[in-house]
S.K.: 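This is the structure I have questions about; it appears just below.
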There are 4 protein chains.
Amino acid sequence: VDEHLTRTWFDTLFTTDAMRRVFADRTRLQAILDFEAALAKSLAMVGIAPARAAETIASQCRAELFDLSSLSKASRVTGNSAIPVIHELESLVAQQSEEAARYVHFGATSQDAMDTGLVLQIRDALDVMTWDLEYLSIALEGLANKHKHTPMVGRTWLQQAVPMTFGLKVVGWLSAVARHQERIGQIRAENLVLQLGGAAGTLAAFGEQHETVVALVGQELHLGSPRLPWHTHRDRLAEVATTLGLLTGTLGKIARDVSLLSQAEIAEVAEPNVPGRGGSSSMPQKQNPVGCAVALAAATRVPPLVSTMLAAMPQEHERGLGGWQAEWETLPEIFELSAGALAQVRQIIAGLTVNVDQMRKNIDAGDGLLYAEAVAAALALKVGRTAAHSLVGRACRRTIEEGRNLRELLVDNPEVVSALSITEINELFELDRHTSAAAQLVEKALSRWHFQAESELPTDG
Amino acid sequence: VDEHLTRTWFDTLFTTDAMRRVFADRTRLQAILDFEAALAKSLAMVGIAPARAAETIASQCRAELFDLSSLSKASRVTGNSAIPVIHELESLVAQQSEEAARYVHFGATSQDAMDTGLVLQIRDALDVMTWDLEYLSIALEGLANKHKHTPMVGRTWLQQAVPMTFGLKVVGWLSAVARHQERIGQIRAENLVLQLGGAAGTLAAFGEQHETVVALVGQELHLGSPRLPWHTHRDRLAEVATTLGLLTGTLGKIARDVSLLSQAEIAEVAEPNVPGRGGSSSMPQKQNPVGCAVALAAATRVPPLVSTMLAAMPQEHERGLGGWQAEWETLPEIFELSAGALAQVRQIIAGLTVNVDQMRKNIDAGDGLLYAEAVAAALALKVGRTAAHSLVGRACRRTIEEGRNLRELLVDNPEVVSALSITEINELFELDRHTSAAAQLVEKALSRWHFQAESELPTDG
Amino acid sequence: VDEHLTRTWFDTLFTTDAMRRVFADRTRLQAILDFEAALAKSLAMVGIAPARAAETIASQCRAELFDLSSLSKASRVTGNSAIPVIHELESLVAQQSEEAARYVHFGATSQDAMDTGLVLQIRDALDVMTWDLEYLSIALEGLANKHKHTPMVGRTWLQQAVPMTFGLKVVGWLSAVARHQERIGQIRAENLVLQLGGAAGTLAAFGEQHETVVALVGQELHLGSPRLPWHTHRDRLAEVATTLGLLTGTLGKIARDVSLLSQAEIAEVAEPNVPGRGGSSSMPQKQNPVGCAVALAAATRVPPLVSTMLAAMPQEHERGLGGWQAEWETLPEIFELSAGALAQVRQIIAGLTVNVDQMRKNIDAGDGLLYAEAVAAALALKVGRTAAHSLVGRACRRTIEEGRNLRELLVDNPEVVSALSITEINELFELDRHTSAAAQLVEKALSRWHFQAESELPTDG
Amino acid sequence: VDEHLTRTWFDTLFTTDAMRRVFADRTRLQAILDFEAALAKSLAMVGIAPARAAETIASQCRAELFDLSSLSKASRVTGNSAIPVIHELESLVAQQSEEAARYVHFGATSQDAMDTGLVLQIRDALDVMTWDLEYLSIALEGLANKHKHTPMVGRTWLQQAVPMTFGLKVVGWLSAVARHQERIGQIRAENLVLQLGGAAGTLAAFGEQHETVVALVGQELHLGSPRLPWHTHRDRLAEVATTLGLLTGTLGKIARDVSLLSQAEIAEVAEPNVPGRGGSSSMPQKQNPVGCAVALAAATRVPPLVSTMLAAMPQEHERGLGGWQAEWETLPEIFELSAGALAQVRQIIAGLTVNVDQMRKNIDAGDGLLYAEAVAAALALKVGRTAAHSLVGRACRRTIEEGRNLRELLVDNPEVVSALSITEINELFELDRHTSAAAQLVEKALSRWHFQAESELPTDG
């Protein structure tokens, strides 16, 4: 790899080494070779190829026998990545046995090898995601459980709204993550299917045995065998992209919340404190939320990449021109960015600094405005919604302008006091009253993940 | 509606009236009111509101009592569409009963009404899609069945490749459409859930009865009751968008194929001939593939709209600022464009003109080049893949340059004849040999939709 | 317009009536008719059509003579909007004069009428944008000037960084807005060109006079005459979209800043207080930043729409299939969203509530951490960058943990005091020292807009 | 660079080595160092730093002294790429002189170095594009000139329309390319400006000399000096992206046309014949239009990447969180894809195989339908537009159904012959009559590029 031509600096930041490995050129090469080996083996099983030929072919299907750099250059000429691999494989096999070489890639087309190879990579990539999601989910469960009673300000439209609990926020994150786990589980179960159709998807070269060959290759690679070749029907691949797009949206949402709560003036949470992390080249006091930045960058970049996968779907006839090619680098990028965001968010959640005191301070700093909704609701039952809303609204504006506590203003207001007793008013300003339903929501929601509560946090190795 | 401000000219082209009706302002209004009626009824069932109040509220929850134009203007001030509706509803109810008016919207927040209303609209929209997909699927099945043995040119990279059958192409379309039917079925089963959380999702106003209220409102509206309020967790809605995005990609693929096959120089299929349709203002001979244009335009426009839904996901805290609002017009547009494309494609398929003779002519016009792959494969087993490829490749170039039929050139070539007998060569150029596997693929694939084969084409009313 | 099919509720929120009017169906119809009238007039001038025919045609080119609803329905059949207009126009003209009717649309194709009509609409739309941008620019200038010395916290990565002035922030907004004004001015000057080519852009029908006809029609409509017809070269239109995309990005940036500074815990600015605006259906105390939400929603929605315009560019041959059609609703939407965001931002800026005291409080609440960069820089010149960074960094962490002011901690630190005198340290913590360069930057930047300073804020009528 | 983690296989296909070099990590590192050297030099010129310190710093600003792999790893911790470079630079300088090390990066912030470095890379990248565009433009001019009289079928909506010339198509491509050349020239002149602001853009560290320092650094790097720091105003960078997006759209349009005209059934042009290029792993006869596929893939991928750049614009306060980071890999990708598409298209155009005979055959194969528009126009002047359209339309349908030539059918039609003489009809079917205006258009358009006609095709080295 020529360093003067390579651009990978930011890969360490935006993705993980595990995911880079899955989509590295070398892995891709091996995946193509795995397809060729499985095809040869299946041809032998149905008697199209001699068993010894299949063995010889399989013996050469090892990435370390190939020179990636020359394959890469050859791709510029051939326009795809499988053709040079097949040429080289055939040449390697021929050095062992001229006869065996005749059965290399027999009956297949280059897209068969490329697509199947990609599906094998996707399977590994989903493994990585699944593990990290499980980790994140367990960390979130612990956090939600710990803070189910921790009161904090609920915020809407970037404004303070009503009291809630931090656990409710976290269990909301968890609930979304759990849905993504299900989606990814389903993709794994249904979308990982073999591609094998030959030149235009007719399977003509295998004659009467075409169905058996397809079944055997699928079995060999532990992939589903599709009803039909799907060279220009990319919905399963595009669905992998949309599923990751949905996940990344949720990761971005968690990162958005964490970064907003980390603002100096709010200071309710902070990313885990790691030496050197998030520093500034000019400001010694800075602890920048670097993990959130990575997740938010992914949440900005992935949606347009998903739209590329969807826009590439209307592919021409039996093999596309432009659309297929547009997928080649796009799907790996989506995986890399999603995995990077996921890794950052799981680290953030696993080590999140939670400032319970500050959460309480921010509630109290509101001069009672956070309880306005409750008072208005209670008043509404006595004097009607509009009247109540307007009465409390006026008091709120005085609180904001004069800095007087809302409760005091209400207690002093004859209209209010004629509808609600002072005891009732005081009760409305009791924090517990507002957070108990939230705490119950958290508890009930968590109980549905009960089985998980018993599992332990997986260790990193 | 002021005609000087309205832009709907192209709606007749790009979508269907059925889908416009689902997302019309009036329907939206009624959906919000349905939520309010269900909420009132549920409040009465748990004893929070008097039964009579609930009845009075429900009696006013009829869209025809409201003035859309003034609601619309009020939305500019309030920044959302539910607040003016609630104000107006309360005022209507108050005219009937001051007491009843106190229970309007009790315990809910405007996003509860807007989101639930939207979910109700989505349910109706998915009904429309489901029906049209069923129709398309049946039409495709008939077409595939009819043409399972019809030979045509298979094309890759926009070039002629090998012979296949038209039925194989159609069953490929059908197979993708069937997967989208499953996806949409799943969305219907899992993603249509009630939104109800109150100001910041704490359900505080309902006290101990919060779980019951949620269950009752869900039951009343025939919607699932979510584990938790989901004000800023938009993955279920975004998944509706991605699912439609996947579908539109396939519709675009069908339209791409049909439009390419309709080119004068290929002329294998044509859109149904409808008087006046696809004409030109200057060229009397034109029959423009208007339906394909609509589907391809949708396949261009929907992917970026899907990316908007994904990009809008990282919403702040307990209610978003910017992201939530970005969804409001985007999801309806996605539905309208998908529905428009679907309607066009089902009409195209249901009445497609198929020119079987021309399909055959295009095969024969290739001077035997379409059989090059088969010859190369057969030769490869004798002389090796590279040698065979190069031998046949040279003959192909002569065919292209000199116009001589490939079979003749091969028969005249001593190298070829020493490896394959003339009978073998002649057999390789028999069309049936190439299309029989394709025909079998079609038959087997169709047999899996057997249960559908018995159903009849639904009638339009 | 059928209310049961119409969806325009949110248009009042997301765009302006002025922009809706420009892209209303009625305006579009008139723009197409303006093209036809200009064409007829030009044909008469070169002698192809009789002068009286041109007059008769022009007399019927009035939108009020047409029925939009039936035109709209006809578009579903024809697949474009011009053909039904031309048919109807011809029929109206024929009622006046059979002879005149023969010259309707002579030599043109429907795309000529549609594209030219669109360009006329774009010209009007850019007028609207230009006016609003001028207004915003003047409002920003006034705000920057007023607050050039107002100290506030500069924030990076959502964390407090160093002191700056509010005027510097505002002049940054202004500077970007001014660049967009230039871009839009340039688009107006260069991209508003006539479309006229006939069926496939050959201008064949006009014979030797083709160049003159093009020049005359352009002149008549005050549009540039292009070198060549541009039916499938959409770069000028797409550039209109990208230019609006760039503008909307800046509007989103301003809205982001305002909304973040409006958070209760920061409270440095607030959207103008308009009765009823930004209220909540449940919380009487809320003043939601509705204008920011609209601008941020636009900044989320416009980029994908711009990508639609770019993705639609590779149009086939002499008239596109799918790509062209994808533009029809997309460009108007981009204009409407940009105009809506612009209108909101100019209202926000024109009436922005600026809380100078709170800006100062937020500086002081930082316990001196905002000055850490200055101290580190000064120390660096004595002890080296890394040592200084680490020395000050340790003190910062103590400030954060113990709440002690950074200045005090530094003064107590022998290592620091051995490098910097206490006077020097105290000077580094003087606010003016940090904001004076900022104030100068503002002044110099504003002086370049000097000519504008003399203009008055335009009145709304 | 670890091969097990690297994914660059397709870079050889989708971009050029020249562009990879510009955005390689090593180039990026050097660009950051160039900024630091220029800053040090300027600090010395205004007397902030000793001259010797600046020299020492500059002496260490050489990429070969740094270890990219460790810088890359450090970026994961720091969250940006400049901080590790600055640390390492300081340490290298300190080895030479403790004193000099104190002035490394003085007064700047890491974004200053990153942004300015990026601008330097963009300048080099635009050089590459400019050269290739010049080459393409000259090749197009030659092709247009050669084929200005070559008749071919004009096609609209993927259907045959009217006769035109191939030169007219090519000059249309050229005209669009020329507009992109102007756009890129303008970007080069106006958007390449220095970034220098310090921690929050206040330039505070330079005291009274801030304006001079900015001017000097700009001068040193031959970059414009901006009015103000632009850390969170990204419109200039985003405009680079939109400009490339527009260009790529046109490149996609050229590729679309070439690929459609290359279909076997049309066969009017073909990509240059390069041995091994565009072959198939299974079909020896294939010459896939690989260059078109690359350009079309770029035209699919670039628009969503442009939308990422626009969506990233609303960056927070004085330095963004998420948006800024989203740009880092996106802009280089846009450059690489645009450059790759441009390189392919210029190769295609420079060596395009044009089959003039086939162009003529395709005209003649239309049985006269291509002349329908001309006949209808001529008839319209006698019998009115609608009557003429309908009369000719009926004849066209007979031509299509019966295969009889349109001219013959018209001559046999009494209604037609009563309006047009047989001589007139025959004239309307003369090809020259239709292509002469097209040829004139080409000539006139080319004459405006006269100055270029004298230049020679640049040589590749």
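Any value given below was found using the heavy atoms of this structure, including those in side chains, with hydrogens, waters and symmetry copies removed. Keep in mind that this is a model prediction, so the values were computed, not measured.
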S.K.: Quick one: which of D:Glu336, D:His4, D:Glu329, D:Glu3 has the most heavy-atom pairs under 4.5 Å with chain A, could you say?
M.R.: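 Result: the option with the highest number of such pairs is D:Glu329.
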S.K.: Kindly give the heavy-atom pair with the smallest separation between A:Val85 and D:Trp9, and that separation in Å.
M.R.: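 Looks like CG2-CH2, 3.7 Å.
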S.K.: Please rank D:Thr330, D:Leu321, D:Leu13, D:Asp25 by heavy-atom pairs under 4.5 Å with chain A and give me the top one.
M.R.: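 Result: the option with the highest number of such pairs is D:Asp25.
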S.K.: Side chain from CB out, backbone as N, CA, C, O: work out which of these in D:Phe106 comes under 4.5 Å of a heavy atom of chain A, or both, or neither.
M.R.: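 Neither; nothing under 4.5 Å.
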S.K.: How would you list, by chain and number, every residue that makes a ring-ring contact (aromatic ring centres under 6.0 Å, His included) with D:Tyr103, sequence neighbours excluded?
M.R.: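 Listed in chain order: nothing, the list is empty.
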S.K.: Between D:Thr6 and A:Thr6, which heavy-atom pair has the shortest distance, and what is it?
M.R.: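 Shortest heavy-atom separation between D:Thr6 and A:Thr6 comes out as CG2-CG2, 4.5 Å.
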S.K.: CG of D:Leu5 to OG1 of A:Thr27: how many Å apart, nearest 0.5 Å?
M.R.: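 Answer for the CG-OG1 pair, D:Leu5 versus A:Thr27, is 8.5 Å.
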S.K.: So which of A:Ala205, A:Gly79, A:Ala293 has the biggest tally of heavy-atom pairs under 4.5 Å with chain D?
M.R.: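 It is A:Ala293.
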S.K.: Chain A: which of D:Asn80, D:Asp2, D:Ile86, D:Leu71 shares the most heavy-atom pairs with it under 4.5 Å?
M.R.: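 If we count pairs closer than 4.5 Å to chain A, D:Leu71 comes out on top.
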S.K.: Which atoms of A:Ala200 come close to chain D, meaning under 4.5 Å heavy atom to heavy atom: side chain ones, backbone ones, both, or neither?
M.R.: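 For A:Ala200, no heavy atom lies under 4.5 Å from chain D.
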S.K.: Return the CD to CG distance between D:Glu333 and A:Leu305, rounded to the nearest 0.5 Å.
M.R.: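 These two atoms lie 7.0 Å from each other.
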S.K.: If every non-hydrogen atom of D:Ala297 is compared with every non-hydrogen atom of A:Ala326, which pair is closest and at what distance?
M.R.: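 Shortest heavy-atom separation between D:Ala297 and A:Ala326 comes out as CB-N, 3.8 Å.
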S.K.: For chain D, find which of A:Val306, A:Asn288, A:Thr78 contributes the most heavy-atom pairs closer than 4.5 angstrom.
M.R.: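 Heavy-atom pair counts peak at A:Thr78.
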S.K.: Where on A:Asp11 is there a heavy atom nearer than 4.5 Å to chain D: the side chain, the backbone, both, or neither?
M.R.: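 A:Asp11 touches chain D through backbone and side-chain heavy atoms alike.
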S.K.: Report the option among A:Pro332, A:Ala311, A:Ser259 that has the most heavy-atom pairs separated by less than 4.5 Å from atoms of chain D.
M.R.: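 That would be A:Pro332.
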S.K.: As a quick check of understanding, evaluate side-chain contact (heavy atoms from CB on, under 4.5 Å) for A:Gln325 and D:Leu296, giving each step before the final call.
M.R.: CA-CA 9 Å; A:Gln325 293 78 7; D:Leu296 286 165; over 6 Å; no
S.K.: Report which part of D:Pro303 has an atom under 4.5 Å of a heavy atom belonging to chain A: side chain, backbone, both, or neither.
M.R.: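 When you check distances to chain A, no heavy atom of D:Pro303 falls under 4.5 Å.
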S.K.: With side-chain contact (heavy atoms from CB on, under 4.5 Å) as the criterion, how do D:Glu316 and A:Gln263 come out once you've worked through the C-alpha distance, each side chain's angles and the decisive distance to 0.1 Å?
M.R.: CA-CA 12 Å; D:Glu316 293 84 0; A:Gln263 294 171 98; over 6 Å; no
S.K.: Among A:Val294, A:Val290, A:Asp17, find the one that has a side-chain contact (heavy atoms from CB on, under 4.5 Å) with D:Arg76.
M.R.: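 So, applying the side-chain contact (heavy atoms from CB on, under 4.5 Å) to D:Arg76 and each of A:Val294, A:Val290, A:Asp17, only A:Asp17 qualifies.
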S.K.: So which of D:Glu327, D:Lys73, D:Arg26, D:His105 has the largest heavy-atom pair count under 4.5 angstrom toward chain A?
M.R.: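 Looking at each option in turn, the highest pair count goes to D:Arg26.
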S.K.: If you take all heavy atoms of D:Ser72 and A:Thr8, which pair is closest and at what distance?
M.R.: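 Looking at all heavy atoms of both residues, the closest pair is OG-O, 4.4 Å.
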S.K.: About how many Å separate CZ of D:Phe10 and OG of A:Ser75, when rounded to the nearest 0.5 Å?
M.R.: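 Here the interatomic distance stands at 6.5 Å.
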S.K.: Less than 4.5 Å to any heavy atom of chain A: does that hold for the side chain of D:Val104, its backbone, both, or neither?
M.R.: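 D:Val104 has no heavy atom closer than 4.5 Å to chain A.
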